[in-house]
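Below: the structure, in structure tokens.
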Number of protein chains: 2
Amino acid sequence: MNDVKAGPEEEWVKSGEVRISDLAAELGLTKGTVSRALNGYEDISKKTRKRVMEAATKRGYVPTTQARRLAMGLTETIGLVLPPMPSQPVNTFISEFIHSVSAALHLHGYDLLVHSANSEESEVEPYRRLVQSRKVDGFIIFRTNEKDPRVNYLLNEGFPFVTHGRTARMAEHDWFDIDGEKAFRDATSHLIKLGHQRIGFVGGGKEFFSAQLRLKGFRTMLEESCLEKVPSLEQPGDLTGQGGEIAAQNLLKQTRPPTAILCANDATALGVMKAARELGFNIPEELSVIGYDGIALGAYIDPPLTTLTFSIEESGKEMVNLLMRRLKSPDLPVISKLASAILKLRGSEGPPSSIQNKNMENCL
Amino acid sequence: MNDVKAGPEEEWVKSGEVRISDLAAELGLTKGTVSRALNGYEDISKKTRKRVMEAATKRGYVPTTQARRLAMGLTETIGLVLPPMPSQPVNTFISEFIHSVSAALHLHGYDLLVHSANSEESEVEPYRRLVQSRKVDGFIIFRTNEKDPRVNYLLNEGFPFVTHGRTARMAEHDWFDIDGEKAFRDATSHLIKLGHQRIGFVGGGKEFFSAQLRLKGFRTMLEESCLEKVPSLEQPGDLTGQGGEIAAQNLLKQTRPPTAILCANDATALGVMKAARELGFNIPEELSVIGYDGIALGAYIDPPLTTLTFSIEESGKEMVNLLMRRLKSPDLPVISKLASAILKLRGSEGPPSSIQNKNMENCL
DNA sequence: AATCATTTCGAAACCGGTTTCGGTATTGTT
DNA sequence: AACAATACCGAAACCGGTTTCGAAATGATT
């Protein structure tokens, strides 16, 4: 019954004011004992444990996070570094991803620290800072490059992390990814079955591993279907709408333009559609377009954009699971998980206007 | 030169391994002295300060954040709680906002803790938890309601925060907002100048203060222009595409449909455009549509969506400034900042097909 | 009843910093 | 040269928890 603080009785109602030493003094115990009682140690009698618990809830005791973490030598925090924002952000992926990662982390008692990279400094600098100041226990990395400096740094440092996307060193770290190769095989196959024979592809930057894999899926399916690979039908892009416009112009101004265009993402597809409209191509009658990402906005445009979609929520959850496993037992072998995208038909694709009905069932 | 740790010389290369006590021992000083030297106290001689600094950089010493924060009694962290995700997020606001807030906080040495609210529990629960566990020093709140439980809780608790958006208690807390009323006056005025006389409005939920203010701006300008207020032309919405579709159907199936529709946000506008297409209205010839938010994708649809836009980056910066000011001097009077949106003409509006050329210059 | 095993808790070290206080050593003054 | 003032640094408390260790109290065993 020592005075917690000079003041009226209601003082204790205010949250965040009672410390473990207050509880201990009030109960006539030491703070060590109170701590163990609260944390379920076996060497506390049922009776005193009950006393402690009741006092704790009554007084609204919540341990001070900073102190707990310092004592336990962990931060219970995961870092997520946002890449520099594109001038025209087109995708809601990031916010959905943050949302799901944060929710999943919360189930494990972890917090999410979001840091933004400014474009002037090196890509790994934010990671280095967070590691050195010991602000996080691990990282969630997304939008990996094939040769990823962030991955190199963290591997070298022996610091836990999981990537969304594969890298050249994927055998050395946990990762989660969408099977973009299969996705684009599926989409290509779908177009071929519709009767398309000249299919264009607008890719992403060479640095994005995922974009490369999507291209690979496209090529693979062309080959399996005995369609010749036409280099001029493969256009580079940059995963933006503008890039899509330019690429579409390159494709559609050719003497024999493609009857369908596959795009490495939805932003690109929107640019392609815009350019196609301006060049007088009707979609989907004269040109089929398929994107990748499943952005919700795609359902509202005319025609609605057919796209490859996947669950961002699942991505977040799975990545958190991988990371938690790694934090608990750092020496387990690396594992990975590949999820698949599904083709969401919405209307921007259809059979080509003039179906040249070659027999394509057997290749030779 | 006592052994820092048994091991080879390279041990110190690994980051995050050297503590202040290591430095102190190496220099023959106490850790208190080292700390003061590093933090610019005046009672340290130039010579030893230099010695300490050099040793610190040489050994790559970075103070452990948790310990610093515990000792100093602050978290240097700001909390941002994400509202439950809509099933069809169409807006990139959140990710841009997080990005700018995070970057601005970083300039002040603060971190951003992102927490996601799950929809089952009370809206204030995440805030309560973060306050009680002392994980943050303040909050950034966005998407305020007129009567906002979060604001009530934090005001009652005396905990620092800034809102993006006004509330019923805006006189009691710092806030930043976009002048949605003026924005919608401008947009309405623009439509009236184009010759529109029957203008529809699709609002947001009644709980969103901002949506109410936008409606108010719409009504004000109608009144100033001597256009009669037609209740059936004001439709409620929910800030989603679906809500926009339904509202548009209600508007366009009327015997005298509006020639233009103002939407409380871009998602709504997309739904309106979709419904209009399906009902056979050409945009902008037969129906003008204007949205609010300035989403980048609006530029890629057909026709490109005219919208009211504002700088999300500025919003983030300003809010951080307000919050930092509050943290530094808690007793300063509350201040607020109102920024304005600008009308970005992209093509989804134009003069009505049949201009009834009433003289509207003078009201009476 | 003496001995041993268990249960239960207190004492104290520790996590890695910051900050206050006081004591030398040095400088300045006359 | 004696004394006061100042510069500089060490010692120790502190932030608020966790965890180890050992001792006292209790219970079980023979």
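Proteins come first, then strands; the chains are lettered A, B, ... in the order of their sequence lines, and each starts at number 1. Hydrogens, waters and symmetry mates are skipped; everything else that's a heavy atom, side chains included, is used.
- A donor-acceptor pair shorter than 3.5 Å cannot be found between the side chains of A:Ser95 and B:Ser95.
- Atom CG of A:Leu74 and atom P of C:dC14 are 19 Å apart (whole Å).
- For the residue pair A:Thr65/A:Arg68, the side-chain donor-acceptor check at 3.5 Å is not satisfied.
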| request: Output, in order, the C-alpha distance, side-chain angles, deciding distance and verdict of ring pair (Phe, Tyr, Trp, His ring centres under 6.0 Å) for B:His173 and B:Phe139. | output: CA-CA 12 Å; B:His173 61 83; B:Phe139 286 101; over 10 Å; no

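- When rounded to the nearest whole Å, the span between CZ of A:Arg49 and P of C:dT8 equals 9 Å.
- Using a 4.0 Å cut-off between charged nitrogen and carboxylate oxygen, A:Asp22 and A:Arg59 do not count as a salt-bridge pair.
- The phosphate of D:dC9 has OP1 or OP2 within less than 4.0 Å of a side-chain N or O from B:Ser45.
- The distance between atom CD1 of A:Ile44 and atom C1' of C:dG10, rounded to the nearest whole Å, is 10 Å.
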| message | For a quick check, with a 4.0 angstrom heavy-atom cut-off, what is the B/S/- contact string for nucleotides 15-25 of chain C, read 5' to 3'? | response | BBBBBBB----

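- No engagement by A:Thr65 is indicated, since no non-hydrogen atom pair under 4.0 Å with the nucleic acid exists.
- Following rounding to the nearest Å, A:Lys46 (NZ) and C:dT7 (P) show an atom-to-atom distance of 13 Å.
- A donor and an acceptor atom, one from each side chain of B:Asp137 and B:Thr75, are located under 3.5 Å apart.
- Classification of B:Arg129 and B:Glu121 as a salt-bridged pair holds, one side-chain N sitting under 4.0 Å from a carboxylate O.
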